Amino acid sequence: MNCEKAKFIVRMRSPRQTPYPGGMLDLQRLRNDLDAVVARLAERGYAFDREGYQRLESARRQVIQESEALKAERNRVSDEVAQLKRAKQDASHLIEAQRKVGEQMKALEAAEKEAEAAFQSFLAAVPNAPHASVPNGRDEHANVEIKRWGTIPAIEQPKDHVDLGTSLGILDLDRASKLSGARFSVLKGAGAKLERALINFMLERQSAAGYAEVITPYLVNAESMYGTGQLPKFEQDLFHVPHGDSKLYLIPTAEVPVTNLYRDEILEGAALPLRHCAFTPCFRSEAGSYGRDTRGIIRQHQFHKVELVTFTTPEAAEAELERLTGDAEAILEALELPYRRVLLCTGDMGFSSQKTYDLEVWLPSQATYREISSCSWFGDFQARRANLKFRAEAKGKPQFLHTLNGSGLAVGRTWVAILENYQQADGSVVVPKVLRPYLGGLEVIR
RNA sequence: GGAAGGUUGGCCGAGUGGUUGAUGGCGCCAGUCUUGAAAACUGGAGACGCGCAAGCGUUCGGGGGUUCGAAUCCCUCACCUUCCGCCA
């Protein structure tokens with residue numbers, strides 16, 4: 001495989017804690033163009049509290065100005081004290097006056113901190129504003145189909161992946177629930193090998209397409225979850241484990257560790273676009289989806305995914321979304337699975353996204369297309385939260401870069417799609433040609 | 001889990017209470033010289049926030065404290081290194 005194209009940043013910097021860096025939305029844009037932003041957010045179903053915003057914003061600014069004026073005064077007097085002392089003169093009158101300033105300053109600093117925190121937590125809950133090219137709509141019914149690819153297989157009375165997998169002896173849901181409960185699965189024999197083949201196939205394809213492979217932690221801290229937008233709003237969707245006095249979160253997608261790789265860093269413009277792919281397990285509590293997809297392994301607490309993540313310049317980002325989506329589609333096409341590409345409407349997008357394409361694969365048992373990849377352009381939304389910057393020129397000002405990511409693909413759902421689309425009348429499953437080298441030449445699972 | 005030592009600007013590395021954003025070196029940018037480059041010499045440059053601006057503030061791992069004043073003193077947390085124990 002030719003992986004030379006895959007770029008990698010090797011520079012390391014000393015780690016730094018930035019619990020709640022900078023703004024989420026562009027404060028400048030909010031200030032100058034509040035109406036437009038509020039209107040766009042309303043289209044994705046978010047009622048922006050304009051009054052609350054203005055109150056918090058001006059309170060913050062006012063207290064900052066007061067506090068800094070006082071600090072400037074204190075600094076001036078301190079310098080005077082220093083000069084007097086050096087000249088061996090008496091400074092006690094100044095020192096006495098400074099004592100009182102110190103008390104005032106403590107009060108102001110506390111107020112400043114409070115105002116800043118209130119403002120930040122308000123902003124942290126505001127989702128990204130949809131891009132101009134995103135259709136307006138309430139829910140998935142307003143999504144726009146962009147294209148269809150492939151031929152839907154003609155299957156008489158198709159079985160679903162549960163029946164197929166169970167009777168082939170490659171899927172064992174009963175024992176999985178004994179081990180862990182609902183929404184877990186056990187793959188066996190050719191089923192386990194098929195999963196592994198898909199992982200290897202996807203990774204090799206994507207690294208050949210220019211995505212530098214990374215293996216990351218599956219447990220991350222709160223700062224990372226904040227950086228990509230899972231926190232503070234969606235804590236209930238995450239699994240977590242205690243760790244010392246704090247806790248670590250199980251990643252719901254490789255997007256989290258990979259996007260946060262360069263958190264609090266300023267990248268050289270020449271390093272962009274920077275493309276990564278990563279295989280990880282993904283853990284989701286699926287709180288609030290109790291009725292949905294209860295049969296089979298469509299919706300699991302734990303599943304595998306190969307993820308594509310890109311860091312790029314604002315100018316190149318829109319084209320990058322098309323490229324990235326195409327790289328995900330290439331996997332479906334190589335596997336010869338029929339799919340369609342859908343442009344999500346304002347109301348159906350994720351919290352951090354400003355534009356998202358979903359790829360949906362055909363599932364014969366449901367006679368419908370089901371999501372198998374979600375490719376998103378986040379603008380500078382995540383970059384602001386994670387403090388991801390780049391320098392266009394050697395001496396240029398650091399500016400926020402753009403992040404994108406997409407599944408390339410969700411492995412479990414690909415497994416399902418293969419079983420269902422490649423099923424034969426006798427219950428066996430033909431192995432897609434491109435996967436056979438990864439399965440020791442196996443042509444049919446029977 | 002136990003013990004000791006560390007964490008300073010893009011990097012290395014000085015600095016134990018008073019003009020320290022912080023000596024010095026490397027790297028970087030511009031200029032001089034050169035046909036060009038290198039070398040040499042000269043000059044320049046951190047990041048973030050507030051402000052129309054002048055400018056001001058913050059920043060020496062994070063947080064807290066002492067002090068008129070903290071990179072420098074105290075507490076605490078995180079991380080790194082080494083040794084011991086345990087372990088894939």
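The chains referred to below are lettered A, B, ... by the order of the sequence lines, with proteins before strands, and numbering in each begins at 1. Nothing here was measured: the structure is a model prediction, and the numbers come from that model.
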Apply salt bridge (Lys or Arg N to Asp or Glu O under 4.0 Å) to [X] and list each qualifying residue two or more places apart in sequence or on a separate chain.
{"X": "A:E80", "result": "none"}
{"X": "A:E68", "result": "none"}
{"X": "A:E307", "result": "A:K305"}

| To the nearest angstrom, how far is A:I64 atom CD1 from B:rC48 atom C1'? |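 Value for this atom pair: 11 Å.
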
With sequence neighbours excluded, residues passing side chain to side chain contact (heavy atoms under 4.5 Å, CB included) with [X]:
{"X": "A:S67", "answer": "A:K71, A:L108, A:E112"}
{"X": "A:S352", "answer": "A:F378, A:F381, A:Q382"}
{"X": "A:L168", "answer": "A:I170, A:V429, A:I445"}

Show me the donor-acceptor pairs, under 3.5 Å and distance only, between side chains in residues 185-195 of chain A and residues at least two apart or in other chains.
from, atom 1, to, atom 2, distance (Å)
A:S185, OG, A:Q300, OE1, 2.9
A:K188, NZ, A:D172, OD2, 3.4
A:E195, OE2, A:H304, ND1, 2.8

| said: Among residues at least two apart in sequence or on other chains, which ones pass side-chain hydrogen bond (donor to acceptor under 3.5 Å, both in side chains) with A:R299? | reply: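 Scan of A:R299 (side-chain hydrogen bond (donor to acceptor under 3.5 Å, both in side chains), adjacent residues dropped) gives A:E286, A:D293.
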
| query | Which residues pass the side-chain hydrogen bond (donor to acceptor under 3.5 Å, both in side chains) test with A:S374, sequence neighbours left out? | reply |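 Partners of A:S374 under the side-chain hydrogen bond (donor to acceptor under 3.5 Å, both in side chains) test: A:D358.
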
| With a non-hydrogen cut-off below 4.0 angstrom, is A:K100 in contact with a base, only sugar-phosphate, or nothing? |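 Since no nucleic acid heavy atom lies under 4.0 Å of A:K100, the category is nothing.
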
| said: Please convert RNA chain B into dot-bracket. A pair counts if it is Watson-Crick or G-U wobble with both distances under 3.5 Å; crossing pairs go in [ ] and bases paired with another strand get |. | reply: ((((((((.[[[..)..(.....]]].(((((.......)))))..((((....))))..[[[[[..)....]]]]])))))))....

| Within residues 104-117 of chain A: residues closer than 4.0 Å to RNA chain B (heavy atoms) |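 Those residues are A:K106, A:K113.
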
| task | Within residues 66-76 of chain A, find the residues that approach RNA chain B with a heavy atom at under 4.0 Å, and present them sorted by residue number. | result |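 Residues of residues 66-76 of chain A under 4.0 Å from RNA chain B: A:E68, A:K71, A:A72, A:R74, A:N75.
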
| Atom P, compared across B:rC56 and B:rG46: separation rounded to whole Å |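 Straight-line distance between the two P atoms is 15 Å.
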
